[in-house]
2 protein chains.
Amino acid sequence: MDLVPIGEAARLVGMNASALRYYEERGLVTPVTRSGGRRMYGRQELRRLAFLRTMQQLGIPLDTAGAVLDAPGEAWRATAAEQIDVLEQLVNRAKAAQWVLRHAIECPAEHPAVECETWIGMVDQLLEGYTFAELAGKHLTE
Amino acid sequence: MDLVPIGEAARLVGMNASALRYYEERGLVTPVTRSGGRRMYGRQELRRLAFLRTMQQLGIPLDTAGAVLDAPGEAWRATAAEQIDVLEQLVNRAKAAQWVLRHAIECPAEHPAVECETWIGMVDQLLEGYTFAELAGKHLTE
DNA sequence: AAAACGGTTCAACCCGACTTGAGGTCAAAT
DNA sequence: ATTTGACCTCAAGTCGGGTTGAACCGTTTT
């Protein structure tokens with residue numbers, strides 16, 4: 001079965017052993033067995049860890065990610081679908097932020113944030129579409 | 001100039017007023033002026049807030065995002081370039097996570113995480129490339 | 001004139017996600 | 001035989017990013 005102890009498991013998934021104990025405490029990943037009190041992890045557990053870590057790094061709360069893995073019956077499908085949307089928005093925002101930054105580093109201006117019209121327009125667009133649609137309206141219409 | 005007080009500014013950028021005070025305390029965004037003790041924000045400040053908020057939501061620490069806006073001289077260009085890379089990785093991971101989830105919700109298996117070979121293969125790939133390259137080697141080679 | 005509204009300060013608290021430290025166990029290497 | 005290394009538990013601490021609450025201050029509506 002090729003079971004690995006906590007230190008090795010942690011190394012394999014790129015986390016600290018303390019984090020694995022913490023995940024266990026949270027009920028997210030339980031070692032498949034214990035040999036002489038020591039936690040032993042199998043493939044299945046490493047996969048869970050890797051999945052959870054990936055989602056966590058993307059800003060998905062651990063409990064939400066855990067629900068995709070463990071929600072009873074068909075419930076997990078709904079959670080998974082929601083997370084696809086969350087990730088979609090993440091990707092869009094990240095790309096928008098990249099456009100802004102890419103422009104900035106190519107910009108001849110001393111500092112785009114204050115001098116460059118293109119930067120300014122891009123940042124204003126970053127805002128539009130999320131909560132900021134009113135900017136052009138009520139206030140601040142130069 | 002169209003200055004707005006803190007509550008309106010917060011509403012426009014989709015944050016709480018308390019967060020704007022906190023950003024000020026951190027030295028990230030200072031109201032352009034105060035009128036009778038009250039913070040007043042202009043366009044420039046709203047843009048800073050929106051940029052910072054966007055970066056923060058993507059997992060970029062506030063200080064790092066602030067450095068893009070304020071690093072002296074040309075230093076900000078290097079920080080910006082780094083953040084483009086960070087965001088690139090973010091996008092790749094998010095897409096990988098989406099693939100896994102998309103497959104999962106289409107999968108006929110009771111629960112992909114335990115039953116579906118495709119899911120398993122995808123999660124294993126999530127790991128490869130980040131710290132997990134050794135999985136196929138040393139341990140756990142079934 | 002008094003209540004409501006939106007602002008102010010400051011200190012304290014909260015939350016998620018861990019990490020750290022003290023004190024102990026056990027097996028293998030020196 | 002003892003030291004080293006990896007593990008154990010449990011309580012407490014840390015860090016980023018805020019929020020909350022108390023006590024207060026000016027307008028402006030009722």
Side-chain angles (χ1 to χ4, degrees), chain A residues 3-42 45-46 48-69 83 86 93 131 138-139, chain B residues 3-42 45-46 48-69 83 86 90 131 138-139:
Chain A
L3 300 180
V4 294
I6 197 168
E8 183 71 2
R11 201 183 57 70
L12 288 169
V13 295
M15 303 170 69
N16 283 338
S18 67
L20 302 212
R21 293 192 194 97
Y22 172 72
Y23 277 37
E24 183 176 352
E25 195 182 344
R26 298 271 314 252
L28 295 163
V29 177
T30 309
V32 65
T33 184
R34 288 210 181 197
S35 126
R38 292 162 178 234
R39 294 165 175 84
M40 300 301 285
Y41 296 84
E45 288 69 41
L46 294 177
R48 288 179 67 94
L49 286 169
F51 177 81
L52 292 169
R53 191 209 51 175
T54 301
M55 297 299 273
Q56 199 280 315
Q57 286 177 347
L58 293 169
I60 311 296
L62 286 178
D63 287 347
T64 307
V68 175
L69 256 18
Q83 294 321 303
V86 169
R93 289 183 203 180
T131 330
K138 196 156 180 172
H139 285 282
Chain B
L3 300 180
V4 294
I6 197 168
E8 184 71 1
R11 202 183 57 70
L12 288 169
V13 296
M15 302 171 68
N16 283 341
S18 68
L20 302 210
R21 295 195 192 95
Y22 171 72
Y23 277 36
E24 183 176 355
E25 193 183 345
R26 297 272 312 252
L28 294 163
V29 178
T30 309
V32 66
T33 183
R34 288 211 182 199
S35 125
R38 297 170 174 226
R39 293 164 175 84
M40 300 302 285
Y41 296 83
E45 289 67 44
L46 293 178
R48 289 180 65 93
L49 286 169
F51 177 82
L52 291 169
R53 190 209 49 174
T54 301
M55 298 299 273
Q56 198 279 317
Q57 286 177 346
L58 293 168
I60 310 296
L62 287 177
D63 288 347
T64 307
V68 175
L69 256 19
Q83 293 321 304
V86 169
L90 187 78
T131 331
K138 196 156 178 170
H139 283 283

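Numbered from 1 within each chain, the chains take letters A, B, ... in sequence-line order. Below, all heavy atoms of this structure are taken into account, side chains as well, without hydrogens, waters or symmetry copies.
Protein atom CZ of B:R53 is 18 Å distant from nucleotide atom C1' of D:dG16, rounded to whole Å. Taking atom CD of residue B:Q56 and atom P of nucleotide D:dG16, one finds them 12 Å apart after rounding to whole Å. Per the geometry, CD belonging to A:Q57 stands 9 Å off P belonging to C:dC18, to the nearest Å. In this structure, CG of A:L28 is placed 10 Å from P of C:dC18, rounded to the nearest angstrom. Atom pair B:Y41:OH and C:dG6:P shows a separation of 17 Å (rounding to whole Å applied). Whole-Å rounding puts the A:I60 CD1 to C:dG16 P distance at 15 Å. In this structure, the CZ atom of B:R11 is 11 Å from the P atom of C:dG7, given to the nearest Å. Rounded to an integer number of Å, the gap from OH of A:Y22 to C1' of C:dC18 is 6 Å.
Within the 4.0 Å cut-off from OP1 or OP2 of D:dG18, at least one side-chain nitrogen or oxygen of B:Y23 is found.
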Output a table of donor-acceptor pairs, distance under 3.5 Å, between side-chain atoms of residues 23-32 of chain A and any protein atom two or more places apart or on a different chain; print 'none' if there are none.
| unit_1 | atom_1 | unit_2 | atom_2 | d |
| --- | --- | --- | --- | --- |
| A:E24 | OE1 | A:R39 | NE | 2.5 |
| A:E24 | OE2 | A:R34 | NH2 | 3.3 |
| A:R26 | NH1 | A:Y22 | OH | 2.8 |
| A:R26 | NH2 | A:D63 | OD1 | 2.5 |
| A:R26 | NH2 | A:D63 | OD2 | 3.3 |

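Heavy atoms only, all atoms of each residue included: A:V13 and A:A50 are closest at CG1-N, 4.4 Å.
Using a 4.0 Å heavy-atom criterion, one finds that A:D63 contacts no nucleic acid atom at all.
Listed by chain and number, the residues in a side chain to side chain contact (heavy atoms under 4.5 Å, CB included) with A:T64 are A:I60, A:P61, A:T79, A:Q83 (sequence neighbours excluded). Under the rule for a salt bridge (Lys or Arg N to Asp or Glu O under 4.0 Å), A:R21 has no partner lying at least two apart in sequence or in another chain.
Residue A:L20 holds its CG atom at 4.5 Å from OH of A:Y41, rounded to the nearest 0.5 Å. Here the CE atom belonging to B:M15 is positioned 6.0 Å from the CG atom belonging to B:L49, to the nearest 0.5 angstrom.
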Scan nucleotides 7-11 of chain D against the protein and return all N/O pairs shorter than 3.5 Å with their distances rounded to 0.1 Å.
| unit_1 | atom_1 | unit_2 | atom_2 | d |
| --- | --- | --- | --- | --- |
| D:dC7 | OP1 | A:G7 | N | 3.1 |
| D:dC8 | OP1 | A:R39 | N | 2.9 |
| D:dC8 | OP1 | A:R39 | NH1 | 2.8 |
| D:dC8 | OP2 | A:R21 | NE | 3.0 |
| D:dC8 | OP2 | A:R21 | NH2 | 2.9 |
| D:dC8 | OP2 | A:R39 | NH1 | 3.3 |
| D:dC8 | O5' | A:R39 | NH1 | 3.4 |
| D:dC8 | O3' | A:R34 | NH1 | 3.4 |
| D:dT9 | OP1 | A:R34 | NH1 | 3.0 |
| D:dT9 | OP1 | A:R34 | NH2 | 3.4 |
| D:dT9 | OP2 | A:R39 | NH1 | 2.8 |
| D:dT9 | OP2 | A:R39 | NH2 | 2.7 |

